[in-house]
Amino acid sequence: MTTVDLGTVFKGSPSGKIVESKGETVTLGDDQVVIDIAYSGLCGTDLHYRKADMVMGHEGVGVVTKAGPKVKNLKVGDRVGWGYNHDSCDQCDECWKGNDIFCEERKMYGLADLNMGSFGDRVVLKAAFVHKIPDAIDLSMAGPLQCGGATVYSAIHTARVQRCDRVGVLGLGGLGHLAVQYLAKMGCEVVVFSRTDDKKAEALELGAHEFVATKSNPDFKGVKPVSHLLVSSSKQPDWEQYIKVLKNEGVIVPLTVSFEPMTVPYGDLLFRQLAIQTSLVANRLVHKQMLEFTARTGVKPIVEQLEMTEEGVNTAFDRLEEGDVRYRFVLKNPRFKGVSN
């Protein structure tokens with residue numbers, strides 16, 4: 001049995017302050033790998049757990065430094081990352097269908113293995129749930145792809161968006177700026193909806209074909225309808241307003257995490273055959289395809305980098321809660337000793 005010291009980790013606390021901790025150890029299983037963490041993205045979901053007694057973070061990337069004897073898909077030195085779900089039973093119907101994210105024994109961030117997080121020096125994970133990072137992706141940019149990129153790509157896949165579809169993206173934030181890039185690279189006509197013109201130039205530079213400032217054009221005059229609307233705003237929009245811009249048989253694709261009731265005009269859904277297609281997080285196959293597509297097309301998150309120290313992590317959390325970031329924070333681990341690019 002090999003005992004692994006997780007080194008320095010950063011945990012939530014009842015006050016909401018993220019605190020440095022040491023002394024966490026785990027045993028390396030035969031089918032697991034040790035990953036020394038080089039970088040981690042910070043996701044909006046992390047904000048929900050900052051008062052929990054758990055190691056924070058779920059957008060980690062780094063290098064494999066040890067592998068159990070039954071590991072076949074990875075080796076020491078591989079650059080890797082992992083997704084929101086990091087284990088399942090591999091025996092149930094959902095797992096056999098490739099839907100490990102719906103397995104009753106799934107192990108998702110915040111719900112299982114609370115001593116494992118990406119804000120720390122290392123993790124020990126089941127190798128089958130760890131993904132190689134293609135050489136074309138800079139490791140310092142790869143963290144936000146493990147949740148943000150995978151979530152957006154999976155939603156596009158689940159909603160069955162096709163090449164040349166006219167697709168709307170509501171909100172140009174941490175998810176929206178990635179959605180614009182993925183859709184544009186897929187050949188879609190991309191329309192960005194944002195409250196003001198502040199982000200128009202950036203949206204067009206990222207690949208959007210059209211920009212609608214909803215404060216000055218709330219009725220979408222002159223805007224052709226879209227087949228899909230990806231909703232990545234910080235809160236739920238006025239659904240009655242945005243249903244107007246959907247084609248008949250259009251699809252609403254919510255990405256925003258909200259625990260408020262969703263109130264939509266029932267008649268419009270019924271008589272225009274509209275659909276609401278939610279998407280959880282990426283399963284392993286879609287996560288792998290996302291990384292391959294990202295490497296091939298050059299999609300890149302826009303990031304601001306801070307140090308993975310107690311001060312740096314708390315600064316990132318506080319600023320993210322205030323909406324003070326364009327568009328994703330990445331925490332660089334100053335204790336990482338391996339190859340990081």
Side-chain angles (χ1 to χ4, degrees), residues 41-44 137 141 143-145 147-157 159 161-239 241-247 250-257 279 290 293-294 296-305 319-320 322-330:
L42 174 62
C43 177
I137 300 177
M141 294 286 181
L145 301 175
C147 181
T151 297
V152 168
Y153 192 92
S154 181
I156 294 169
H157 169 82
V161 175
Q162 302 294 313
R163 285 189 63 195
C164 299
D165 279 347
R166 179 174 165 86
V167 182
V169 177
L170 172 54
L172 194 70
L175 296 178
H177 88 287
L178 289 168
V180 170
Q181 293 182 72
Y182 282 126
L183 291 165
K185 296 291 186 182
M186 290 174 182
C188 297
E189 182 182 4
V190 186
V191 186
V192 171
F193 297 88
S194 190
R195 189 168 180 273
T196 68
D197 280 323
D198 288 354
K199 298 180 180 179
K200 180 176 181 179
E202 196 155 31
L204 298 177
E205 187 176 340
L206 289 169
H209 301 84
E210 191 176 334
F211 187 95
V212 180
T214 59
K215 183 178 179 181
S216 57
N217 188 9
D219 296 322
F220 308 129
K221 291 179 181 177
V223 180
K224 295 179 181 178
V226 298
S227 63
H228 297 74
L229 180 67
L230 273 65
V231 181
S232 63
S233 52
S234 58
K235 60 182 180 180
Q236 288 194 52
D238 179 348
W239 295 111
Q241 176 189 18
Y242 280 94
I243 276 178
K244 297 174 185 175
V245 83
L246 279 167
K247 293 180 179 180
V251 183
I252 298 169
V253 188
L255 296 176
T256 302
V257 176
S279 180
M290 176 276 299
F293 185 84
T294 301
R296 188 165 63 249
T297 60
V299 170
K300 289 183 180 178
I302 296 174
V303 307
E304 180 178 344
Q305 192 174 111
R319 286 182 54 193
L320 177 61
E322 295 166 3
D324 179 25
V325 58
R326 284 196 178 184
Y327 287 103
R328 306 287 295 200
F329 279 119
V330 168

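Note that this is a predicted model, so its numbers are computed, not measured.
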Could you check if a side-chain atom of W239 sits within less than 4.5 angstrom of a side-chain atom of I252, using non-hydrogen atoms only?
-> yes
May I ask you to check whether over 12 heavy atoms, not counting those of R326, lie within 6.0 Å of atom CZ?
-> yes
Under 3.5 Å: donor-acceptor pair, side chain of R319, backbone of D324 | yes
Would a distance-only check, ignoring hydrogens and angles, find a side-chain to backbone donor-acceptor pair under 3.5 Å from S194 to G171?
-> no
Heavy-atom check, side chain of V251 versus side chain of L229, under 4.5 Å = no
Do the ring planes of F193 and F220 sit parallel (below 30°), tilted (30 to 60°) or perpendicular (above 60°)?
-> perpendicular
Does Q241 reach the main-chain N or O of P218 with its side chain, forming a donor-acceptor pair under 3.5 Å?
-> yes
Any donor-acceptor pair under 3.5 Å from T256 side chain to S233 backbone = yes
For A150, enumerate each residue passing the side chain to side chain contact (heavy atoms under 4.5 Å, CB included) test, keeping only those at least two apart in sequence or located in another chain.
-> A282, H287, M290
Rounded to the nearest 0.5 Å, the SG atom of C43 sits from the CG atom of L175 at a distance of 7.0 Å
First locate atom OG of S216, then atom CG of D197, and finally report the distance between them rounded to the nearest 0.5 Å.
-> 6.0 Å
Is a side-chain donor or acceptor of Q181 paired with a backbone partner of K300 at a separation under 3.5 angstrom?
-> yes
Is a side-chain donor or acceptor of K200 paired with a backbone partner of F211 at a separation under 3.5 angstrom?
-> no
Do the side chains of E202 and I302 get nearer than 4.5 Å, heavy atoms only?
-> yes
Report the residue from L206, V152, V191 that forms a side-chain contact (heavy atoms from CB on, under 4.5 Å) with V180.
-> L206
Would you mind reporting whether L172 and Y327 have side-chain heavy atoms less than 4.5 Å apart?
-> yes
Measure the shortest side-chain to side-chain distance between M186 and V161 over non-hydrogen atoms and say whether it is less than 4.5 angstrom.
-> no
Quick one: do R166 and E210 make a salt bridge, cutoff under 4.0 Å?
-> yes
Does any non-hydrogen side-chain atom of F293 lie less than 4.5 Å from one of R296?
-> yes
Drop me the distance from K244's NZ to D238's CG, to the nearest 0.5 angstrom.
-> 7.5 Å
